Amino acid sequence: MQQYKKRTHTCGQLRASDIRKQVTLTGWVDKRRNLGGLIFVDLRDRHGITQIAFEPDRSGACYELAKSLRSEFVISVSGSVVSRPEGQANKSMPTGEIDVEATELAILNKAETPPFPIEDSIDVTEDLRLKYRYLDLRRPIVQKNLLVRHRAYQVARSYFDRNGFIEIETPILMKSTPEGARDYLVPSRIHHGKFYALPQSPQTYKQILMVAGFDRYFQIVKCFRDEDLRADRQPEFTQIDVEMSFVDENDVLAITEGAIKEMFGSVIGVDTPIPFPRMTHKEAMEQFGSDKPDTRFEMKVGIFSEVVAESGFRVFSEAVKNGGIVAGICAPGAATYSRSQLDGLTDLAKTLGAGGLVYLKLQGDSIECSASKFVTAEETKKIAEALKAKSGDLVLIITGPWQKALTILGSLRLEMANRLNLIPHNKWNFLWVTDFPLLEFSEEDKRFVAVHHPFTSPKLEDIPLLDKDPAKARARAYDLVLNGTEIAGGSIRIHDSALQTKMFGLLGINEAEAKMKFGFLLEAFKYGAPPHGGIAFGFDRIVMYMTGSKSIRDVIAFPKTTSAMSLMDDSPSSVDLKQLEELHIRIV
RNA sequence: GGGGUCGUAGCUCAGCUUGGUUAGAGCGUCUGCCUGUCACGCAGAAGGUCGAGGGUUCGAGUCCCUUCGGCCCCGCCA
């Protein structure tokens with residue numbers, strides 16, 4: 001260890017107005033340029049870069065020491081701020097008008113050559129960045145992302161505080177509950193054979209906080225889900241969790257809109273007009289083939305089942321007869337697609353679960369149909385009209401059950417929009433999707449499962465449907481969508497013990513099981529539960545959008561790979577047998 | 001669980017189709033020269049378990065099998 005001079009300024013701070021000041025800077029050697037009799041060093045900290053000049057006649061002994069400097073050495077440099085010679089200013093740098101002419105140099109730590117350069121535009125594989133995350137995090141662009149994240153935390157906290165919300169921490173070690181995502185389990189040492197779970201969300205706790213009378217709660221909180229990963233999904237992620245008492249949907253939506261407006265406005269200067277447009281789940285599906293529609297571009301889905309209900313083409317008529325739909329999208333200007341491109345789209349549709357893909361190519365007055373043997377010219381004309389297709393367009397048609405056919409079309413819509421470059425990247429399209437179905441039938445489990453979660457209230461007018469036709473019941477649930485990504489979701493909850501018990505029954509959870517798994521909540525509801533509802537924001541995704549990142553990993557300091565590994569510290573990892581014994585666990 | 005794609009020098013990649021001298025390039029690194037560079041310049045050098053294991057073959061970076069890992073997607077994600 002050595003004594004060294006503490007910095008008087010940061011590396012992004014000095015300007016021409018500081019000339020003749022004696023200063024000390026500390027930081028990392030970003031670049032060194034040894035011109036023989038003169039050495040330049042770019043010194044970097046998180047605030048910026050300042051050029052240090054070492055001249056033999058003025059710098060003396062420290063010039064000799066400067067010869068040994070290499071990339072990423074940590075140094076402390078003292079000297080005077082000088083103006084650069086005429087014509088030598090670097091206009092692309094904020095500090096580019098000055099140099100610090102060194103008179104003292106202390107090497108605080110040497111460094112090995114990093115496996116990749118510490119700069120914004122690097123071309124390396126992501127696993128390397130993740131393995132050396134501490135070096136990746138030195139890169140200005142990554143630091144900027146985390147600064148945006150920091151600003152977003154602060155704005156969110158301030159907003160909810162000002163609006164009367166109370167920040168309360170809920171347990172990380174909690175009871176494992178059925179329903180929903182797979183839990184991460186934590187074995188109990190004290191209680192033989194028993195396990196905690198890490199929260200998928202603080203859902204039950206926040207509802208109980210409402211029973212406790214806290215009225216308005218929020219928390220910026222880690223959630224854990226042991227499911228497969230994606231570019232926008234990590235096993236542990238951060239939510240802004242919100243719950244309010246004595247509210248309806250409009251109250252929650254309004255608070256959320258305020259939060260989003262403030263966050264996007266004050267963190268990245270994007271003005272978001274509120275209130276956001278609303279669309280029912282049915283509308284979203286039937287127009288965009290998605291429950292999180294990207295409305296930055298049109299190419300809406302069109303359903304034309306009635307046009308082809310009597311078609312001689314059995315694929316069409318049978319689909320309608322079986323209660324399904326025939327629908328399509330119109331890709332503008334894609335009639336030039338080659339056979340192999342169309343085969344590629346057909347393959348894509350099939351991997352998404354379609355039986356096949358029928359297409360129409362419109363060129364001039366003629367319409368070429370891939371099923372022209374069976375589909376009449378009259379029918380193709382009507383289909384083209386239904387989708388408002390023009391000459392030069394390509395129509396893609398999918399048949400099948402409502403949900404499935406529309407979902408596939410939704411994927412094709414995004415695929416074609418990407419291929420045809422139809423997505424304007426400067427738009428911020430926020431959108432509420434409401435009136436989700438309450439339940440959906442799980443073929444895997446042969447029972448109904450909650451679309452949102454088991455505590456979501458049905459729409460009041462749909463409560464009678466719970467007995468007659470549960471699949472038709474709609475939920476008091478809402479999702480906030482930004483440019484085709486769900487960034488928040490919530491609902492008005494059930495606050496009545498009897499209705500909650502009924503809901504569990506519909507989900508195939510019998511009374512004994514409900515009591516065992518959720519007894520504490522049902523019990524709490526018996527002691528004066530206020531009507532309540534809330535929402536949770538996908539914080540990482542929001543920051544991803546704010547920073548223009550392509551992956552959630554770019555806005556998380558220490559993310560995991562798509563196989564849920566941390567390459568830097570190599571977790572998960574094996575543990576000592578002794579640890580397992582203490583936990584009464586054996587690996588099989 | 002499934003599909004796609006990638007893995008060769010510190011890094012980014014070429015070589016693989018059609019097996020055959022000593023596996024190449026750029027960047028970086030190291031050494032020398034160089035007093036106004038900022039992608040410094042010039043000259044030279046070092047640097048490889050071709051992800052791992054097995055197989056076919058006289059011979060494998062190249063062909064086959066298995067496996068590990070990265071990324072994207074489907075399923076999954078109340």
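The sequence lines fix the lettering, A, B, ..., with proteins before strands; numbering per chain opens at 1. Everything numeric in this text was worked out from a predicted model, so none of it was measured.
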- Message: Output one letter per nucleotide in nucleotides 1-13 of chain B: B when a protein non-hydrogen atom lies under 4.0 Å from the base, S when only the sugar-phosphate is that close, - when neither is.
- Response: B--------SSS-
- Query: Between rG48(B) and rU29(B), how far is it from one C1' atom to the other, in whole Å?
  - Reply: 15 Å
- Message: What is the separation between atom CG on Leu348(A) and atom C1' on rC72(B), rounded to the nearest whole Å?
- Response: 13 Å
- Query: Rounding to a whole Å, what distance do you find between Glu443(A):CD and rG75(B):P?
  - Reply: 15 Å
- Does the side chain of Thr113(A) get closer than 4.0 angstrom to OP1 or OP2 of rG28(B) through an N or O atom? no
- Message: Less than 6.0 angstrom from the centroid, inside 45 degrees of the normal: does Arg413(A) satisfy that with respect to the ring of Phe297(A)?
- Response: yes
- Message: Rounded to whole Å, please give me the gap between CD1 in Ile408(A) and C1' in rC73(B).
- Response: 15 Å
- Query: Do the ring centers of Phe448(A) and Phe441(A) come within less than 6.0 Å of each other?
  - Reply: yes
Tabulated below should be each protein N or O lying under 3.5 Å from an N or O of nucleotides 45-49 of chain B; please produce it.
none

- Item | Base-pairing assignment for rA45(B) (Watson-Crick or G-U wobble, both under 3.5 Å) | rU29(B)
- pair Leu69(A)-Ile107(A): side-chain heavy atoms closer than 4.5 Å: yes
Show me the donor-acceptor pairs within less than 3.5 Å that the side chains of residues 503-522 of chain A make with the rest of the protein, sequence neighbours left out.
residue   : atom : partner   : partner atom : Å
Asn510(A) : OD1  : Ala512(A) : N            : 3.1
Asn510(A) : OD1  : Glu513(A) : N            : 2.7

- Map Leu352(A) and Arg225(A) onto RNA chain B by nearest heavy atom, then report which one ends up closer to the 5' terminus. Leu352(A)
- Heavy atoms, side chains only, cut-off 4.5 Å: are Glu72(A) and Arg44(A) in contact? yes
- Identify the heavy atoms of Ile423(A) and Ala417(A) that sit nearest to each other, and give their distance. CG1-CB, 3.9 Å
- Report, as a single string ordered 5' to 3', how protein heavy atoms within less than 4.0 Å touch nucleotides 31-38 of chain B: B base, S sugar-phosphate only, - not at all. S--BBBBB
- Item | Donor on one side chain, acceptor on other, Thr485(A) and Tyr545(A), under 3.5 Å | yes
- Message: Please classify the nucleic acid contact of Ser201(A) as base, sugar-phosphate, or nothing, using heavy-atom distances under 4.0 Å.
- Response: base
- Note on the structure: Only one of Arg476(A), His281(A), Lys459(A), Lys282(A) passes side chain to side chain donor-acceptor pair (under 3.5 Å) with Asp435(A), and that residue is Lys459(A)
- How would you list, by chain and number, every residue that makes a ring-ring contact (aromatic ring centres under 6.0 Å, His included) with Tyr478(A), sequence neighbours excluded? none
- Could you check if a side-chain atom of Gln200(A) sits within less than 4.5 angstrom of a side-chain atom of Arg182(A), using non-hydrogen atoms only? no
- By the Watson-Crick or G-U definition, both distances under 3.5 Å, rU35(B) is matched with none
- Check: Thr50(A) side chain, Cys11(A) main-chain N or O, donor-acceptor pair, under 3.5 Å: yes
- Donor-acceptor under 3.5 Å (Ser566(A) side chain, Asp570(A) main chain): no
- Contact class for Arg553(A) (heavy atom, under 4.0 Å): base, sugar-phosphate, or nothing? sugar-phosphate
- Message: Counting only side-chain heavy atoms from C-beta out, which of rC72(B), rC71(B), rC77(B) sits nearest to Arg233(A)?
- Response: rC77(B)
- When rounded to whole Å, the CG to P distance for the pair Asp30(A) and rA39(B) reads 11 Å
- To the nearest Å, give me how far apart CG (Leu414(A)) and C1' (rC74(B)) are. 14 Å
- Distance in angstrom units between Glu112(A) CD and rC30(B) P, rounded: 12 Å
- Message: When you compare the side chain of Ile49(A) with that of Leu43(A), does any pair of heavy atoms fall below 4.5 Å?
- Response: no
- Message: Given Leu25(A), which partner from the list Thr10(A), Ile75(A), Asp45(A), Ile52(A) fulfils the side-chain contact (heavy atoms from CB on, under 4.5 Å) test?
- Response: Ile52(A)
- Mapping Met565(A) and Glu179(A) to their closest nucleotides on RNA chain B, which lands nearer the 5' end? Met565(A)
- Query: Between Asn418(A) (CG) and rC73(B) (C1'), how many Å, whole number?
  - Reply: 13 Å
- If we call it a pair only when both distances are under 3.5 Å in a Watson-Crick or G-U wobble match, what pairs with rC13(B)? rG24(B)
- Query: Can you tell me if Gln219(A) and Asp241(A) form a side-chain donor-acceptor pair at under 3.5 Å?
  - Reply: no
- Sub-4.0 Å heavy-atom contacts from residues 484-500 of chain A onto RNA chain B, ordered by number: none
- Message: In this structure, how many angstroms lie between the P atom of rG28(B) and the CG atom of Leu135(A), rounded?
- Response: 18 Å
